[in-house]
Every structure is written in C-alpha cells, then in structure tokens.
Colleague: 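My structure is below; once you've seen it, I'll send some questions.
Heads up: numbering here begins at 1 and tracks the sequence. Nothing here was measured: the structure is a model prediction, and the numbers come from that model.
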Amino acid sequence: MRAVRVDEFGGPEVLVAREVPDPRPGPGQVLVEVTGANVMYLDTLIRSGRGTDHFPVAPPYVPGGGVSGRVVEAGPETDQAWLGAEVVGETGPPDGDGEASVPVNGYAERAVLRQDSLVGVPEGVGAHEALALMTDGATALLLERAARFTPDSWVLVLAATGGAGSLTVQLARLAGARVIGAARGPEKLALARELGAEEVVDYSEPDWLERVGKITGGGADVVVDGAGGVLGTAAFAATADGGRFVSYGTPSGEFAEVDDAEAGRRGITALGLFDLEPADGTGKRDLTRLILEEARAGRIRPHVGLTLPLERAAEAHGALEGRRVLGKALLVP
C-alpha cells in the first residue's frame, strides 16, 4: 500500500509517499481502508523533532493520529460486528516484525485502529466532517467545560479559525456568549464572523489588545488561547479580573506563560492544556460521540479548509506551519 514515511526528522520535504507493507491488526484492533487522515499541527512538531520530549517517536515512522474509513478486517479478540462499519478512530501500533513493524499511522491507504477508539459515523454526517470533528471536537468540548461560557459574557478566542478554535467559537455562541474572534488576516477574520464571532481582531496589528479592551469595556470574561507563545502570553492581559484564562495551543512551539501571582491577585482562574481532562470520567471516545451528535443535529459544523492527496503531505505541513490553513487540513488516499 501507499503511505507517507518520515525516515529522518526535518522540514516538510522529509514526508515522502512510498510503497510499504500492509499493517495487520493485532488483538483488540481493526484494519481500516482509509478515506481521510487527520493532519494536526502536532504532526509538524513531531516531524521536525521538536515534540519528542512529550511524544517519543523516532524515524522511520508513518505520521498521523486519526483517520476515517471502513473496517475491512478485525483482529483476534475484536468484535467482528465492526466489519464493514464506517468509523473514525485513533491509530494504534501494527502487529508484526521487521519492515512491517515500522509504525504505520494515519497517512496511509490502510491503517490499524484500536477497537476502544472506534466511533461509528452517524447517518447524515460525512466521513471527512466526522474526521474533522474527532480530535478537535473533543478538545473544543473540554475547552467549553473549562471556560464555562455564560450568556452575554465576552469570550475572546485566539486562533479562532483553527480546528479547535473554530468549534470553540460555535460552542460559545450556542451558550449565548458574545465572541471576539482573534486571527491573522482578512480571510480568517471573515471566517470567524461566519462561524459566529460578533467582533473580530487581527492579532498581527499592534493595537489588537487595545481593541479587545474597548469592545469588552475592560477585558474579556473568558479568554481561550489557541495560539500560545507570545500571543497567548499577551492575551492573558486581556482577561477581566475574576475571569478565566484557558490556554491549550502551541503553534509557536511554546505554551503561553502566565504569572501565577498576578492571576491570584486579579482573581483569574488560569488553566492549561493538561488541566482539560474531564473530571467526570468522560473519555475522548464519549466526547467524540457528543460532538458528532451536535453535527448530526446541525448545531456544529467543522470547516475543512485544505484537502490534499497523500503525495502532497509536505504541502499540507507547509501550509499549517505557514498559518495558511483555515479550519482543518486532511489527506486523502
């Protein structure tokens, strides 16, 4: 089968499509004929070698953490009822030795998925739509719980047109909040408005924080930071006293830095990515089902801004790193 291999860390050019042995499902796994592969900014960090502290991946490997597709084989100790089902799910390590044991994840024509990650695609939801919601939708629901959106409150969303950010904008609006979408450039700002942002600010402009202050009358009740780094750190100042600052993004390679003493003095609840785990035991699979139901009911829609064939995986990574993707980027075999 065809898959995209990374044989050494580096720039997007190290992503090369080639023929590799088919993976085989092991116990509790299924083999899926892939219809779409999720492309995340995290994939670019790992590919460059910058994410190995938290994600111990070493070349050679096939990138990608999630796919949509049809189950064509079930391994031992796996529910055979999954055969033929249209699903989304997270990839798992393949069975076998030698060349076939090179980790084969989502950027491939076929992929092994863990049975415990599978979610059936509901009727009325497209496979690519479901895939675009799988990871970012679960994240957006966790952000919603952490942010505690309330009617008529001001919510500032940084990276408002990214995969999770674009869904967070919609969830905040569904809760009755007044959303300020922060992004870069007129095309992204237009999409933020289309998604439901009442106001937009361009954070490449030097006065963007002043504009947020004027719009909100002193600060946003909630700031959801999907940008991280310098932008996310600056956005903390736009949080109203007694508000909530929820930061999860690292497109710059770094999380936002929060002064805990200042947060305490101003009564701001500051939460990071690793504080987003649900306290009620709800797992990612449950969250995926919930967001897919929202899509089926027409309350949420993902924006897939880039769809490319496997052979152009390098282009997809380059577009993500260049901040040129609106919403989600997907690869198709």
Colleague: Do Tyr41 and Val14 share a hydrophobic cluster (ILVMFWY, side-chain heavy atoms under 4.5 Å, transitive)?
Modeller: yes
Colleague: Check whether any side-chain N or O of Asp221 sits under 3.5 Å from a backbone N or O of Trp154 as a donor-acceptor pair, and report yes or no.
Modeller: yes
Colleague: Please name the residue in the list Val88, Val119, Val67, Ile291 that meets the side chain to side chain contact (heavy atoms under 4.5 Å, CB included) test with Met134.
Modeller: Val88
Colleague: For Glu19, look at atom CD and say whether over 12 heavy atoms of other residues, nucleotides or ligands are found less than 6.0 Å away.
Modeller: yes
Colleague: Verify, without hydrogens or angle tests, whether Thr233 (side chain) and Glu257 (backbone) share a donor-acceptor contact under 3.5 angstrom.
Modeller: yes
Colleague: Quick check: does any side chain N or O of Arg266 sit under 3.5 Å from a backbone N or O of Gly264, one acting as donor and the other as acceptor?
Modeller: no
Colleague: Between atom CG of Leu310 and atom CD of Glu109, what is the distance when rounded to the nearest 0.5 Å?
Modeller: 6.5 Å
Colleague: Quick check: closest heavy atoms across Lys188 and Ala183, and the distance to 0.1 Å?
Modeller: CB-CB, 3.8 Å
Colleague: Going by salt bridge (Lys or Arg N to Asp or Glu O under 4.0 Å), name the residues that satisfy it together with Arg312, two or more places apart in sequence or in a different chain.
Modeller: Glu315
Colleague: With side chain to side chain contact (heavy atoms under 4.5 Å, CB included) as the criterion, how do His317 and Val4 come out once you've worked through the C-alpha distance, each side chain's angles and the decisive distance to 0.1 Å?
Modeller: CA-CA 12 Å; His317 275 221; Val4 177; over 6 Å; no
Colleague: Ala182: what forms a side chain to side chain contact (heavy atoms under 4.5 Å, CB included) with it, not counting sequence neighbours?
Modeller: Leu156, Leu158, Val201, Tyr203
Colleague: If the condition is salt bridge (Lys or Arg N to Asp or Glu O under 4.0 Å), which residues does Asp260 pass it with, not counting sequence neighbours?
Modeller: none
Colleague: Can you sort out the partners of Arg289 under salt bridge (Lys or Arg N to Asp or Glu O under 4.0 Å), two or more places apart, ordered by chain and number?
Modeller: Asp286
Colleague: Check residues 33-40 and write down every donor-acceptor pair under 3.5 Å in which the side-chain atom is one partner and the other belongs to a residue at least two apart or another chain.
Modeller:
{"unit_1": "Glu33", "atom_1": "OE2", "unit_2": "Arg110", "atom_2": "NH1", "d": "3.2"}
{"unit_1": "Thr35", "atom_1": "OG1", "unit_2": "Ser68", "atom_2": "O", "d": "3.2"}
{"unit_1": "Thr35", "atom_1": "OG1", "unit_2": "Ser68", "atom_2": "OG", "d": "2.7"}
{"unit_1": "Asn38", "atom_1": "OD1", "unit_2": "Lys328", "atom_2": "NZ", "d": "2.6"}

Colleague: According to ring pair (Phe, Tyr, Trp, His ring centres under 6.0 Å), does anything in residues 216-240 pair up with another residue at least two apart or in another chain? List the pairs.
Modeller: Phe236-Phe245
Colleague: Heavy atoms only: give me the nearest Ala138-Thr288 pair and the separation to one decimal.
Modeller: CB-OG1, 4.4 Å
Colleague: Test: side-chain hydrogen bond (donor to acceptor under 3.5 Å, both in side chains). Region: residues 119-132. Which pairs qualify, not counting sequence neighbours?
Modeller: none
Colleague: State plainly whether one hydrophobic cluster holds both Leu133 and Val332, where clusters connect Ile, Leu, Val, Met, Phe, Trp and Tyr through side-chain heavy atoms under 4.5 angstrom apart.
Modeller: no
Colleague: Leu276: what forms a side chain to side chain contact (heavy atoms under 4.5 Å, CB included) with it, not counting sequence neighbours?
Modeller: Leu142, Leu143, Ala146, Val246, Tyr248, Leu273
Colleague: Taking a hydrophobic cluster as the set of Ile, Leu, Val, Met, Phe, Trp and Tyr residues connected by side-chain heavy atoms closer than 4.5 Å, whether directly or through intermediates, do Val121 and Leu290 fall within one such cluster?
Modeller: yes
Colleague: Rounded to the nearest 0.5 Å, what separates atom CD in Glu144 from atom CG in Leu167?
Modeller: 11.0 Å
Colleague: Could you give the distance from CG (Leu195) to CD (Gln170), rounded to the nearest 0.5 Å?
Modeller: 5.0 Å
Colleague: What's the shortest heavy-atom distance between Arg47 and Tyr61, and which atoms?
Modeller: CA-OH, 3.3 Å
Colleague: Might you confirm whether atom CD of Glu187 has over 12 heavy atoms from other residues, nucleotides or ligands at distances under 6.0 Å?
Modeller: no
Colleague: With sequence neighbours left out, what residues match Arg18 under side chain to side chain contact (heavy atoms under 4.5 Å, CB included)?
Modeller: Arg5, Asp7, Val16, Val20
Colleague: Would a single hydrophobic cluster contain both Val155 and Val212, if residues Ile, Leu, Val, Met, Phe, Trp and Tyr are joined by side-chain heavy-atom contacts under 4.5 Å?
Modeller: no
Colleague: I'd like to check the side chain to side chain contact (heavy atoms under 4.5 Å, CB included) partners of Glu73; sequence neighbours left out, ordered by chain and number.
Modeller: Arg24, Pro25, Leu31
Colleague: Could you pull out all residues at least two apart from Glu293 that satisfy salt bridge (Lys or Arg N to Asp or Glu O under 4.0 Å)?
Modeller: Arg296
Colleague: Should Phe149 and Ile180 be counted in the same cluster of Ile, Leu, Val, Met, Phe, Trp and Tyr side chains packed under 4.5 Å apart?
Modeller: no
Colleague: Decide yes or no on salt bridge (charged side-chain N to carboxylate O under 4.0 Å, His left out) for Arg211 and Glu205, but give the supporting numbers first.
Modeller: CA-CA 10 Å; Arg211 288 204 57 218; Glu205 299 291 336; over 6 Å; no
Colleague: Which donor-acceptor pairs under 3.5 Å do the side chains of residues 299-309 make with protein atoms, sequence neighbours left out?
Modeller:
{"unit_1": "Arg299", "atom_1": "NE", "unit_2": "Glu294", "atom_2": "OE1", "d": "3.0"}
{"unit_1": "Arg299", "atom_1": "NE", "unit_2": "Glu294", "atom_2": "OE2", "d": "3.3"}
{"unit_1": "Arg299", "atom_1": "NH2", "unit_2": "Glu294", "atom_2": "OE2", "d": "2.8"}
{"unit_1": "Arg301", "atom_1": "NH2", "unit_2": "Glu194", "atom_2": "OE2", "d": "3.0"}

